[in-house]
Protein chains: 2
Amino acid sequence: MSIIARRQRERTEMRQLILDAARSIFLEKGYDHTSIRTIAERIEYSPGTIYLYFKEKDDIFHALHEEGFRRLLESMQPLLHVQDPMERLKAMGRLYLDFALKNKDFYDLMFIMQAPMNMEKDPCNWEMGSHTLDFLKSVIRDCQKAGYFKGKDAEDLSFMVWSTVHGMAALFCRNRCQVYENREALDLVEKGFTYFSEMLERY
Amino acid sequence: MSIIARRQRERTEMRQLILDAARSIFLEKGYDHTSIRTIAERIEYSPGTIYLYFKEKDDIFHALHEEGFRRLLESMQPLLHVQDPMERLKAMGRLYLDFALKNKDFYDLMFIMQAPMNMEKDPCNWEMGSHTLDFLKSVIRDCQKAGYFKGKDAEDLSFMVWSTVHGMAALFCRNRCQVYENREALDLVEKGFTYFSEMLERY
DNA sequence: TTGGAAAAATGAACACTGTTCATTTTCTTT
DNA sequence: AAAGAAAATGAACAGTGTTCATTTTTCCAA
């Protein structure tokens, strides 16, 4: 019996080996400019071997997509210690932006990259995404119970809030902040989010 | 003399022929999945011919990038007839979003795609982009003169406003609205923008 | 310990990509 | 019609994702 167990273990180890190499190269060169051959070379295996562990290149992408969502969820943990709903909402925005700025390439992978966005193939991540979104909606509803956002629809509001932080993250990730000459991108995001927080609080 | 003139004319006609074909295929299959050979085949020329009119594939991208910015600027024309600054700001957001939703692929090309974002190569579009941004800032300053956004920095505010509409457009373009199951993406954007407009007005 | 089955890894091959360039075709002028 | 210039060609190169017949390694029973 122990042999099957070892086989299984070695299999997941090999998968992880590929994923680690792939992530490192993706984050360096981008998804499109990373070839299977390069990944294979990095781990000192032949290109064909990769296909024994992943059906296609997209599968590697999806595995990393999943890792990104796990990291995002983890980074949201501090929210559990914030009681006041509006403070919690603002903290959530901050943590989300922090994640994006500090994990630029993971963020790109998760929310910007043009990848096969089909629920069939990536049910786990859709679930994690949905959970995060559900959490956002519930925080917004808590705010409403506390007197904010009277008469607004929580779902529509959640989309607007998400759009704003995503917008900043996306402009940052794809270097569009450069149109603001002589301005530090990080500073723009910082100030922009501060204003948005104030707006939310007064809405 | 007339022959040189015709030569010149034929040259720009050929460029346009290539651009039209390229745009049509880009918008259908996306930049990465459009090959030079496909474009050549569409216009019934050999692949090599393309390279007599464009140094490389990226050059075609940049030409379309420019066309996109021309279209965006054009679609902003109605703003000249809106006097009230806050109405003008809201109208600007609407027109921007309309442009993004109706020209999904142009928008993607202009604001999302990971393309060589270097000012040296694309000075014209950086200029157009800067102008659009300058206009946004000036509208915001007009709002401030009318009593809105007291004590805020116009540039930082412009970044926040841009981020929000861009965020919606980007989530739309890259199919991330799908996490909202049973919701029409266009409806989310519509409601989201309405809320954002209200927030702006009260800020 | 050895034979053979099963699992794992290989790398050549296929059809595709962007790009280059010697060759051929077409046009223009003398 | 001949010579020269401009335009178009398509084969070739080095790269891509992916497949699969072949080889190597691992395993267990005899």
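Atom set for the values below is all heavy atoms of this structure, side chains included, hydrogens, waters and symmetry mates excluded.
Partners of Lys90(B) by salt bridge (charged side-chain N to carboxylate O under 4.0 Å, His left out), not counting sequence neighbours, listed by chain and number: Glu87(B), Glu201(B). The side-chain hydrogen bond (donor to acceptor under 3.5 Å, both in side chains) test applied to Ser138(B) returns no partner, not counting sequence neighbours.
Side chain of Tyr45(A), nearest nucleotide from dT9(D), dT10(C), dT16(D): dT10(C). In the set dA7(D), dT16(D), dG18(C), the nucleotide with an atom closest to the side chain of Thr38(A) is dT16(D).
Whole-Å rounding puts the Ile36(A) CD1 to dG11(C) P distance at 17 Å. Counting to the nearest Å, the C1' atom of dG10(D) and the CD atom of Glu44(B) are 17 Å from each other. One atom, CZ of Arg7(B), and another, P of dG4(D), lie 17 Å apart when rounded to the nearest Å. Taking atom CG of Asp58(B) as the reference point, atom C1' of dT17(C) lies 14 Å away to the nearest angstrom. Going from atom CD of Glu56(A) over to atom P of dT18(D) covers 6 Å, rounded to whole Å. Rounded to a whole Å, the CD atom of Gln8(B) is 15 Å from the C1' atom of dA7(D). If you take CD1 of Ile39(A) and P of dT18(D), they are 10 Å apart, rounded to a whole angstrom. Here dT26(D) presents its P atom at 9 Å from CD of Glu10(A), a figure rounded to the nearest Å.
Taking only distance into account, the side chain of Arg37(B) meets the base of dG18(C) through a donor-acceptor pair shorter than 3.5 Å.
Scanning residues 19-35 of chain A for heavy-atom distances under 4.0 Å to DNA chain D yields Thr34(A), Ser35(A). For residues 46-53 of chain A, proximity to DNA chain C is found at Ser46(A), Gly48(A), Thr49(A), Leu52(A), Tyr53(A), defined as any non-hydrogen atom under 4.0 angstrom from a strand atom.
The neighbour count for Glu74(B) CD, taken as heavy atoms of other residues, nucleotides or ligands under 6.0 Å away, does not exceed 12.
Under the 4.5 Å side-chain criterion, counting only non-hydrogen atoms from C-beta, Asp142(A) is not in contact with Leu89(A).
The salt bridge (charged side-chain N to carboxylate O under 4.0 Å, His left out) contacts involving residues 35-49 of chain A comprise nothing, where partners must be two or more places apart or lie in separate chains. Legend: ring-ring contact (aromatic ring centres under 6.0 Å, His included) pairs involving residues 18-49 of chain A, not counting sequence neighbours, sorted by first then second residue: Phe26(A)-Tyr31(A), Tyr31(A)-Phe61(A).
Once rounded to the nearest 0.5 Å, the distance linking OH of Tyr53(B) with CD of Gln16(B) reads 13.5 Å.
The aromatic rings of Phe149(B) and Tyr203(B) sit tilted relative to each other, their planes meeting at an angle between 30° and 60°. Ring-plane geometry between Phe69(B) and Phe111(B) is classed as perpendicular, the angle between the planes exceeding 60 degrees on a 0 to 90 degree scale with a lower cut at 30.
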